[in-house]
Every structure is written in C-alpha cells, then in structure tokens.
Amino acid sequence: MSSTGCQHLQAYKAAGGKETFRIIYSYFVACSSADARHKKAQICKCVVCGDYRPRLHACLSCIYFGCYDKKHIHQHAEENKHHLAIDVSYGIIYCFVCGDYVYDSELEELARAQCHRASASLGLKQKFFPWEPSEEELILLRCNPKRRRVTEASHIGLRGLINLGNTCFMNCILQSLAHTPILRDYFMADQHACQATDESQQCLVCEMARLYQEFYSGSRTPYIPYRLLHLVWTNARHLAGYEQQDAHEFLIAALDVLHRHCKEMNGISDSNPHHCNCIIDRIFTGGLQSDVTCKRCNNVSTTIDPIWDISLDLGPGSIHSSHLLPSATAAASTAQTPSTGNTGANNGSSGNSSSAPSSLPFASADITTHSPSTSFTNSPGNYEPTSLVECLKRFTKTEHLGNSAKIKCSKCHSYQESTKQLTMKKLPIVACFHLKRFEHSTGYHKKISTFVSFPEELDMTPFMSSARCSNGFNGQVLRSRIPTLTCDNKYSLFAVVNHYGTIESGHYTCYIRSLKEQWYRCEDHLIKRATAGEVLNSEGYLLFYHKQVLEYD
Amino acid sequence: MADLQERKLKDAQMRATINQKLVETGERERLKELLRARLIECGWRDELKAYCKEIVQQKGLEHITVDDLVTEMTPRGRSLVPDEVKKELLQRIRTFLAQQSNM
C-alpha cells in the first residue's frame with residue numbers, strides 16, 4: 001500500500017527533507033554506529049525539561065527535542081513553523097498542521113533499511129515487520145470478500161485415513177505431516193509451483209498438496225491415500241509391499257522423495273546438495289555437530305552433518321552400540337540424503353566394534369572426573385534412560401573412544417585415543433525424535449517397550465553446540481555465556497507416533513495436536529478426542545516437536 | 001522538604017546517567033529486544049492488541065486518535081506486565097551496571 005503522508009510531508013520531501021530525515025533517523029531513532037549512539041546519549045533529551053522518556057520527539061527541520069506529553073515539541077513547532085517531528089522511540093512522523101501521525105512509503109523504506117543496519121550492528125535478530133498486502137493483493141482481497149471463520153469447536157483439518165493393508169505406519173506419518181503447522185501453511189499458501197511436464201512422472205509434492213486440500217475440505221469421510229502410497233512405493237522400492245513397515249523408515253523415505261521432487265520439479269539446480277532451499281530442508285534439516293578431541297594434543301576436529309531426525313538409543317548404555325539405520329535409508333540416494341541421525345557410533349570406524357564390548361573402555365573414575373553435571377548415578381553402562389531429556393543427555397555426552405578406535409589426529413599426525421561429543425549446531429524448525437525401540441541384531445529382533453517420558457515443551461539449549469564448554473563437556477547452561485536474548489531453542493510437542501504390539505505383529509497409532517490446540521488420537525480412519533495426559537502417558541516412538549518462536553535470518 | 005527535593009534531583013540525575021550509559025553501549029536496544037520477546041511470549045502483546053481493538057471499536061474508527069489510545073492503554077499495559085519480566089530486566093540492568101563499574 002503506497003502511502004504518501006500529507007501535503008506538508010510532501011512539501012518537506014520536495015525541499016530535500018529525505019536526507020535530513022535519514023540522518024535524524026540514523027542518529028536518534030535507530031543507531032547503527034558507536035558515534036551515533038554517543039551523540040544520542042548526549043543530546044537526545046527534551047530541551048525544555050531534560051526528560052528522555054515516553055514520546056520524545058525530534059524536530060525534522062532543526063536539532064530540537066521536545067516531549068509530547070508536556071507539549072514542549074508542540075510549542076517549538078508553533079514558534080518556528082517547523083511542522084514535522086519524529087517520535088524517537090518508534091520513528092513515526094507527526095504533522096502539527098494535520099494534528100496526526102502521517103506515513104510515507106518512501107521514508108518507511110529508508111527507515112526499514114536503517115533499522116536493519118542498527119539490528120545488525122548490535123548482533124540482534126532482525127526486527128519483525130508484519131505483512132502488508134501489495135496493490136495486487138489488495139485488489140484480489142476486495143474481489144473475493146468471502147471469508148471462512150474457524151470456530152473453537154471446528155474439526156477442520158482432521159480426517160481419517162483408510163488402512164490399505166498394514167499401512168497404518170504410513171497413515172501415522174501422513175497424519176503427523178498433515179498437522180505440522182509450518183508445512184501445512186506452505187501448502188495452503190500454494191507455495192509449490194510444480195514444473196513437472198511429464199505426467200507419468202508424478203510429483204509427490206503435488207500429491208502432498210492434494211492431501212492438505214482433502215484434509216481441509218471439510219469432508220468427514222475417511223480419505224484413501226492410494227496415489228500417495230503408490231508414489232512413495234515407486235520412489236522408494238525398499239518400502240514396497242504389503243508387509244508392515246517401520247514408520248520411521250517411511251518418514252525418512254517420504255521426506256527424501258519430497259526433497260528430491262521439490263528440487264527436480266522446481267528446476268532448482270542441485271549443484272550444491274548441502275544448501276538446498278526446498279521446504280523440506282527449511283523445515284526439517286538440522287545440523288549435528290561432531291567434535292573429536294585428540295587426547296594427546298587437545299586438537300578438536302569438528303564436522304557438521306545435516307540431519308532430519310535424532311535417533312536416540314534406549315536400553316542400557318553401550319559405547320559401541322553400532323548401527324546407523326539399515327541401508328534402506330542409504331538406498332534412497334547418495335550424497336543428497338542427510339543421514340538419519342547419529343547414534344553415537346564411532347566416527348569413521350565401522351559399525352560394530354570387533355573388540356569385546358563387554359569391558360567398558362573407560363573406568364568409572366573417568367566418568368566422575370569428566371562429567372560434572374551428569375545426573376546419572378550409575379556409570380553409563382548400567383544406565384537406562386526413562387525420559388527424552390535423559391536420552392538427549394546421553395546422546396550429547398562426551399564419549400571416550402577407546403584403545404580400539406584410535407583416530408588419526410590432523411595436528412599431531414598420529415593415532416591417538418580421543419573423545420567425541422555430539423551436539424546440535426543448528427536446530428530445525430521441526431525436530432523429530434526417534435526412540436530406537438526396535439533392535440535388529442543378527443538372529444534376533446527385539447522391541448524395547450520401556451516407558452520413556454517426554455515433555456510437552458522442550459528446551460534444547462543444553463544440547464546445543466553453544467552450550468559446549470571449551471573442554472568438551474556438556475555443562476549446564478551458564479547464563480552469562482549464552483549471548484542469545486530470546487530462548488529460540490524452545491519446542492512444543494505436536495505429534496506422537498506410537499507402536500503397539502511386538503516386532504512381528506504390531507500396530508501404529510498416533511496423537512496429533514490440531515489447529516485449536518486440541519489433541520486427537522488417530523487410528524487409521526478413527527479420530528477421537530484425547531487429552532494431553534493421555535498423549536504424555538503413551539509409549540512414544542516418534543516424537544514431533546515444533547519450534548515455538550520462528551525468526552527471520 | 002529540601003532534602004526530599006534534593007533526593008529527587010539526585011535520583012533523576014542518576015537515572016539520566018544510567019540511561020546515557022545504556023544508550024551509548026547499545027544495551028538499551030538489547031534490553032528492548034529482550035523485553036519485546038518476553039512480552040510476546042507471555043501473551044501481553046496479544047492481550048493489549050485485543051484491548052486496543054475494543055477501544056477503536058468503541059470510539060469509532062473515524063474518531064480515534066493516537067493520543068486516545070495512548071491515554072487509554074498506558075495504565076492497562078503497565079499493570080499487565082508480569083513480575084518475572086520486571087525482575088529479569090532489573091537483573092539485567094544490575095548486571096550491566098556492575099560490569100560498567102568494573103571497567
């Protein structure tokens with residue numbers, strides 16, 4: 001919306017006022033330099049009474065400051081015929097002739113640019129400017145006056161899914177994705193511009209968009225996602241077939257296909273697979289930092305891997321618990337698929353350690369000296385986590401890679417024993433935690449059904465790379481060290497996928513949090529209201545958390 | 001009587017000095033951002049926004065002025081700020097001043 005202020009402002013601009021405005025703004029409203037801040041500190045106070053508090057205005061025609069409430073700036077305007085002044089707190093312009101605040105698009109542009117500079121100069125996040133419709137959008141809005149109002153009791157967005165034969169694993173993932181707020185917003189805002197010319201090359205992203213349309217159509221009959229299932233099967237052959245599959249594998253495969261199709265269909269060149277800007281990457285990709293410290297020279301070698309989820313070990317701790325997930329995920333693609341999350345396995349060495357894992361590579365003495373903040377009372381060898389936070393603590397704990405797993409240190413050029421620590425470098429908007437309840441070892445399969453509690457709100461700050469102390473220990477969050485003003489590491493639970501039964505015959509159901517903050521239990525075509533208590537008491541297999549505060553880069 | 005006046009004057013001077021330091025170091029802007037975030041998080045902004053809409057509806061869109069809104073909303077806004085937020089900011093300011101006196 002292009003605003004042009006009032007005639008007095010226009011006259012001011014015509015007489016070269018733009019530059020004056022810019023200067024005044026950058027010295028007294030949003031300072032981007034130390035010099036400006038210095039000047040502001042010195043002179044930015046009411047000339048008459050010395051007050052610097054609410055509604056201090058700066059004259060736009062000369063260097064004068066006056067407060068509004070006591071009418072000091074009004075007097076100045078009257079006496080000197082300086083009709084315009086700016087509020088130093090908000091940067092809005094007041095016209096004394098019109099007796100009101102006036103807004104000019106051009107000046108607002110200048111102001112916005114200066115605000116950006118000011119925020120940047122202090123290392124603050126960029127200020128939020130709300131959406132304003134463009135000319136086109138205004139016309140569209142006026143031509144389409146019909147609005148849909150979602151009431152408290154509305155069930156919109158909820159729809160059951162028919163089980164097509166052991167497809168409950170897929171249904172749960174679809175329900176979770178359908179209720180991922182930011183993903184839903186992306187599709188509902190029609191952001192996917194598919195460029196697929198070849199009809200036979202069905203785009204999974206388009207199919208996802210159709211899913212959202214179906215879910216929000218208001219139809220109460222269960223939806224049959226046969227085309228979506230077919231598309232996933234054709235693009236991820238290892239999942240084809242009517243046997244029960246692992247919901248987690250399906251999630252990773254689905255995200256991978258969506259990610260690939262986003263790129264292919266949108267013509268984004270995949271020259272840089274690690275900096276994809278597709279919606280899947282923007283939402284789900286986090287950065288897992290791995291720091292390996294050489295015990296001899298203390299040189300730290302750091303790598304950051306993109307991940308879509310965090311797989312957490314359950315059961316008794318074992319340093320050499322191997323597995324990256326079965327090669328199913330590797331089959332998806334090569335360098336472009338982020339790893340499915342690290343399990344704390346040795347970096348660089350093969351999965352299973354060949355030496356006897358029964359003797360722990362470090363004595364408990366080491367543990368007590370090196371982990372001051374642990375709440376484990378036993379040595380990790382006997383410890384079984386019973387909460388998500390404990391799993392994360394274990395995940396980010398410093399591991400001592402033993403004698404059998406020496407890493408070549410790049411600094412001292414020798415094979416040395418080292419310690420390794422995993423932390424989150426970059427948090428995704430949606431964090432998916434996978435509790436590794438299924439154990440597949442040669443000859444036997446087991447399900448760990450231990451109850452693991454998880455919170456409705458989760459703070460990831462202690463597990464961040466920034467919380468890592470210089471000596472590699474994951475200490476408590478020390479307020480003075482963390483420069484972040486706002487806690488943008490806080491997450492809210494919005495979906496839980498549960499598995500019932502044994503590894504041979506089981507069933508998946510899920511809980512999702514709807515548009516109106518109400519929990520529902522989804523079991524294929526059956527949707528039932530649920531309480532938060534129910535959700536938090538369920539076993540939990542896949543836990544989906546959404547960032548509470550979204551920031552602009 | 002004169003004592004009280006003197007006290008008031010000294011207080012005002014001290015406030016001004018502190019404010020100067022805050023502006024110069026940019027800490028004032030940082031505190032503003034922190035306050036903004038906290039007030040959003042605790043729902044203060046949403047509550048006041050709703051109140052603002054009410055006032056506009058009452059007075060009528062044609063007759064409302066910024067001054068009206070400021071007069072109406074300031075006392076309400078001030079009273080709705082949660083104690084924890086106040087405490088946190090005061091603590092930040094104290095810490096800042098302590099750092100400054102060490103320099």
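Numbers restart at 1 for each chain; the letters A, B, ... are given by sequence-line order, proteins then strands. From a predicted model like this one, the values you see are computed outputs, not experimental measurements.
In this structure, the side-chain contact (heavy atoms from CB on, under 4.5 Å) partners of Glu457(A), at least two apart in sequence or on a different chain, are Ser492(A), Gln548(A).
Listed in order of number, the residues of residues 84-94 of chain A that approach chain B to under 4.5 Å between heavy atoms are Ser89(A). Residues from residues 42-50 of chain B never place a non-hydrogen atom less than 4.5 Å from a non-hydrogen atom of chain A.
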Quiz prompt | Verdict with reasoning, Lys490(A) to Glu41(B), per side chain to side chain contact (heavy atoms under 4.5 Å, CB included) | solution = CA-CA 11 Å; Lys490(A) 289 206 184 120; Glu41(B) 278 168 29; 4.2 Å; yes
Quiz prompt | Chi angles and distances behind the side chain to side chain contact (heavy atoms under 4.5 Å, CB included) call for Asp100(A), Val66(B) | solution = CA-CA 8 Å; Asp100(A) 199 5; Val66(B) 176; 4.3 Å; yes
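Here Gln20(B) is the residue among Gln20(B), Glu27(B), Arg36(B) with the most heavy-atom pairs under 4.5 Å with chain A.
One distance of note links SG of Cys31(A) with CD of Glu24(B); it measures 10.5 Å at 0.5 Å rounding. Distance check, rounded to the nearest 0.5 Å: OG of Ser119(A) to CD of Glu29(B) gives 8.5 Å. Put simply, CZ on Arg28(B) and NZ on Lys40(A) are 6.5 Å apart, with the number rounded to the nearest 0.5 Å.
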Run the side-chain donor-acceptor check on residues 41-66 of chain A: report pairs under 3.5 Å with partners two or more places apart or on a different chain.
unit_1	atom_1	unit_2	atom_2	d
Asp51(A)	OD1	Arg53(A)	N	3.2
Asp51(A)	OD1	Arg53(A)	NE	3.4
Asp51(A)	OD2	Lys70(A)	NZ	3.4
Tyr52(A)	OH	Arg15(B)	O	3.3
Arg55(A)	NH1	Asp67(B)	OD1	3.1
Arg55(A)	NH2	Tyr101(A)	OH	3.2
Arg55(A)	NH2	Asp67(B)	OD1	3.1
His57(A)	ND1	Arg55(A)	O	3.0
His57(A)	NE2	Tyr101(A)	OH	3.0

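The nearest pair of heavy atoms linking Arg30(B) to Leu122(A) is NH1-O, 3.3 Å.
For Lys32(B), the part lying near chain A is the side chain, with the backbone staying farther off; criterion is any non-hydrogen pair under 4.5 Å. For Ala12(B), no part sits under 4.5 Å from any heavy atom of chain A, backbone or side chain.
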